[in-house]
Every structure is written in C-alpha cells, then in structure tokens.
Protein chains: 2
Amino acid sequence: MDMVENEAATADLELIVHGPAGSSKPETKLWLRMLSTTKLITTEIRRRLRSEFGATLPQFDLMAQLYREKDGLRLGELSKRTMVTNGNVTGLVERLEADGLLRRVTPDRDRRVTVAQLTPAGAKLFAAMAAAHEGWLRDLMADVDRSVVGGLWSDIGKVKASARNHLSGSEFE
Amino acid sequence: MDMVENEAATADLELIVHGPAGSSKPETKLWLRMLSTTKLITTEIRRRLRSEFGATLPQFDLMAQLYREKDGLRLGELSKRTMVTNGNVTGLVERLEADGLLRRVTPDRDRRVTVAQLTPAGAKLFAAMAAAHEGWLRDLMADVDRSVVGGLWSDIGKVKASARNHLSGSEFE
DNA sequence: TATTGTTATACTCTATAACTATA
DNA sequence: TATAGTTATAGAGTATAACAATA
C-alpha cells in the first residue's frame, strides 16, 4: 500500500458522483471519504488476515464477538451483532467449527437454541489476530491520516452544521 | 434501518477488539467507528441499488468512473481506480456489457488495449442511480449522525493529537 | 521481454425463501 | 402459532495464477 495510490483513490472517490470537487452535499462528501478510506483499509486488513492467519474479515468480526463473551452467544444474537443474516451465520459458524476454532452447544432448557463459543484454540488465534490487527491499523492510519483524516475533520464539521438546520435537540458538542 | 439497531451495532464494534470502551488506541477506535458506520450505510445502499436498479455497489463504482470520462477508460485504469484486480474487472465489465450498459472498444494504435465506455442507456441509468444515491445518503446520514458523527469528530481529534507526536511537517489544521 | 487483458479456479460472502424442530 | 436455526439456491465478489495477443 503506498501513499501515491492512496491519494489517487481518495481523489477519485470524492469525485464519483457529481463531477467537480466540492459540488456534492456535505453528507455525500463525508460518506465518499469514509467509503474510500475504509475500502483502502479493509482491503489491506483482509489481505493480511488471509495471508497471515487464513481468516476473513467476517470471521474476524464473528470471533471478536465470541471472544468478549466467554460463555458464548446464541446464533441469533451473533447474527444481530455482526449484521449477517441467520442463514449466513450458520455457514460462517460451520467453517469456523470445521477448523476447530469454535463449538456449538444446545442447552437442555431450550433445545431450539444453539450457542457458539470459542475453543481454546479459537481464543488463542483471535488474541493473536487482534494484536496484529492493532499494529496494522496503527501503520495504515498513519499512511492515510495525512491525506484523509484532515478532510474527514472538515467534512464532519459541515455535516454537523447542516444537521443543526433540521434537527431539534441536537446532541452535538 | 432503525436507530436502535444503529446504536447497538456501533457500540458493539467499538468494543470488538479489546473489551471495555476506551481501552483501544485512537487509531483503532476511529477505524472501528468508520467500519461500523460504513457497514451500516453500505448494507442499506447495496440493498436499495439492487432492489431499485438491479445493480451492485462495485458496478456502481465502476460506472461512476466511466460516467466522468465520456471517452471511456482502459481496463487497467479502471482497475486502479476501483481497486479491483484486472481479472475481476473483466468479469464486472462483461456483466455490464451483457446488460447493454457499456461497450468495449479496441483502438487500432495499440491492439492490446481495451477501452470501456458507457452506452447512452448506461449513462442514463447511472444518472438516475446517482440522483437516488444522493437522496439516500442524506437520509441515512441523518439517521446515523447523531450517534456516530459526533464520535468520529472526537476520535479524529485524538488521532490528530497522536499523529503530531510522530509526524513531521503535519498538514493538519 | 514487457504489457494488456482474458481465462480458469476455488472460495467466500450475500440475499432470499422454504423448511425442521422445539416451544 | 411463533421462534431458533438450518438448508437450499443463485449470483457476485475476491484472490491467485496461468495464459494469449500485442508491443
């Protein structure tokens, strides 16, 4: 990931919708800036998760939820927290279970329920991924902050100003 | 998309990596906030693009690039701008061409090159999508700004403060 | 030989809906 | 009847690498 490409891609995305820079509404500009930034970062994070840990971002998200809940979570709750549909949570969980990273348990009190929880191997792997992840972010944000964060700062100010015009009881400031 | 779910998802993502709120580094917090926000918005944008226009977000991105370049773009350039690999650009372009939204042309001066350009139908469809898109964003940002934008504002300030400690010649402010 | 695209492959994700078992 | 998950299906996206045509 290099600086030149970052800036090029950011500039492109700013201009996606309505041509010349500055012509979009503040909401749109903020959104495009966040979209380009998160795309740059997620692409790189995904690449590293895959090459170094054999994991995907959705899997990382799911494991993160379970890591915080030592007793595990029901699949429906996992679905809500990860914003992934029930049916697709089943598939995600199956792949992780096949790798020995989590297990599924059905409690006797309600046999409709399935609770997923990390195995020791899963918890260990997640801890390693999270640690690496933190370091990656520090580096990646350092790459993008000069070109993007300053712009975000400015865009957010405009969205806030714009929001004051049609929101009552604003919680800003 | 409702407010309660937005806030829940945001809160969850903030806590993904290191447990209690506030324990993560500023870069990580900003990143998690942007990730949760963009995920909420992209999910909804993708849903509406599909149901109202039969398009995907990558297709929208690609068409946006071509919309700005009436003479078209070489596939390699399209690949760079959309951050999609060459091989996958071929697939994207093929699907759009099959729908009559763009055409591929090979210039005589260099027969290795393929230039893609929107057809009139493609330009018309993109204009309609972009207009709708702008309205969707205004609504969606209004939904999330109270809970998220204020937090972004605060997080960015911390990243900037943190960056001042290891960047020379900062372009902030 | 280097460049531009294409093809091939394998997996994963996403969306939708029908279905099963349990309550 | 309602709820929790599972299964089925179809389409797209993503990553990698080998390949063909042209320069």
Side-chain angles (χ1 to χ4, degrees), chain A residues 1 39-63 72-99 101-116, chain B residues 1 39-63 72-99 101-116:
Chain A
M1 180 130 160
K39 182 161 188 179
L40 282 167
I41 298 179
T42 51
T43 297
E44 186 60 18
I45 294 282
R46 239 183 323 137
R47 197 183 66 68
R48 296 189 190 184
L49 279 176
R50 164 162 301 185
S51 71
E52 298 189 24
F53 298 102
T56 65
L57 199 51
Q59 287 168 357
F60 179 80
D61 273 6
L62 193 153
M63 291 178 73
L73 287 171
R74 290 151 62 128
L75 298 194
E77 180 61 22
L78 215 34
S79 167
K80 278 183 203 157
R81 295 201 191 184
T82 56
M83 298 186 264
V84 170
T85 59
N86 267 2
N88 292 332
V89 160
T90 297
L92 271 166
V93 161
E94 271 169 356
R95 286 186 281 277
L96 292 169
E97 189 174 43
D99 290 339
L101 300 174
L102 62 76
R103 59 176 153 261
R104 278 184 284 193
V105 184
T106 296
D108 283 340
R109 43 176 144 276
D110 184 345
R111 305 207 35 85
R112 291 172 307 180
V113 167
T114 299
V115 171
Chain B
M1 180 136 170
K39 182 161 189 180
L40 282 166
I41 298 179
T42 51
T43 297
E44 186 60 17
I45 294 281
R46 239 182 325 138
R47 196 182 67 68
R48 295 189 191 185
L49 279 176
R50 163 162 302 186
S51 70
E52 297 188 25
F53 296 102
T56 65
L57 198 50
Q59 286 169 356
F60 179 81
D61 272 7
L62 194 153
M63 292 179 73
L73 287 171
R74 291 151 60 128
L75 298 194
E77 180 60 23
L78 214 36
S79 167
K80 279 183 203 156
R81 296 201 192 183
T82 56
M83 295 186 266
V84 169
T85 60
N86 268 1
N88 292 332
V89 161
T90 297
L92 270 165
V93 163
E94 272 170 356
R95 285 186 283 276
L96 292 169
E97 190 175 42
D99 291 340
L101 301 173
L102 61 79
R103 57 176 154 262
R104 277 183 286 191
V105 184
T106 296
D108 282 340
R109 43 176 145 277
D110 186 344
R111 306 205 38 85
R112 291 172 305 180
V113 168
T114 299
V115 171

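Naming: A, B, ... by sequence-line order, numbering from 1 per chain.
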Name the closest nucleotide to the T56(B) side chain, picking from dG5(C), dT12(C), dA12(D). dA12(D)
Between Q59(A) (CD) and dT14(C) (C1'), how many Å, whole number? 15 Å
Quick one: L96(B) CG to dG13(D) C1', roughly how many Å, whole number? 13 Å
Separation of dT4(C) atom P from R104(B) atom CZ, nearest Å, is 17 Å
With sequence neighbours excluded, tell me which residues meet side chain to side chain contact (heavy atoms under 4.5 Å, CB included) with R46(A). T43(A), L57(A)
L102(A) side chain reached by L62(A) side chain, heavy atoms, under 4.5 Å: yes
Under a 3.5 Å distance rule, please check whether S79(A) uses its side chain to pair with a backbone N or O of V84(A) as donor and acceptor. yes
Nearest-angstrom distance from the residue atom CD of E77(B) to P of dG5(C): 10 Å
D61(B) CG - dA12(D) P separation (whole Å): 16 Å
Sugar-phosphate or base contact per nucleotide [nucleotides 16-23 of chain C; S, B, -; heavy atom under 4.0 Å]: B-----BS
Select from L75(A) and V84(B) the residue whose nearest nucleotide in DNA chain D is closer to the 5' end of that strand. L75(A)
By salt bridge (Lys or Arg N to Asp or Glu O under 4.0 Å), R103(A) pairs with (sequence neighbours left out) none
Excluding sequence neighbours, so at least two apart, what forms salt bridge (Lys or Arg N to Asp or Glu O under 4.0 Å) with E97(A)? R104(A)
Rounded to whole Å, CE of M83(B) lies from P of dG13(D) at a distance of 15 Å
For R111(A), enumerate each residue passing the salt bridge (Lys or Arg N to Asp or Glu O under 4.0 Å) test, keeping only those at least two apart in sequence or located in another chain. D108(A)
More 5' along DNA chain D: L92(B) or V113(A), using each one's nearest nucleotide? V113(A)
Rounded to whole Å, the CG-P distance (L73(B) to dT4(C)) equals 14 Å
List for me each residue that meets salt bridge (Lys or Arg N to Asp or Glu O under 4.0 Å) alongside R50(B), sequence neighbours excluded, and say none if there are none. none
Nearest-nucleotide comparison on DNA chain C, the residue closer to the 5′ end among R46(B) and T90(B): T90(B)
Please report the distance, rounded to the nearest Å, between CG in L57(A) and P in dG13(D). 18 Å
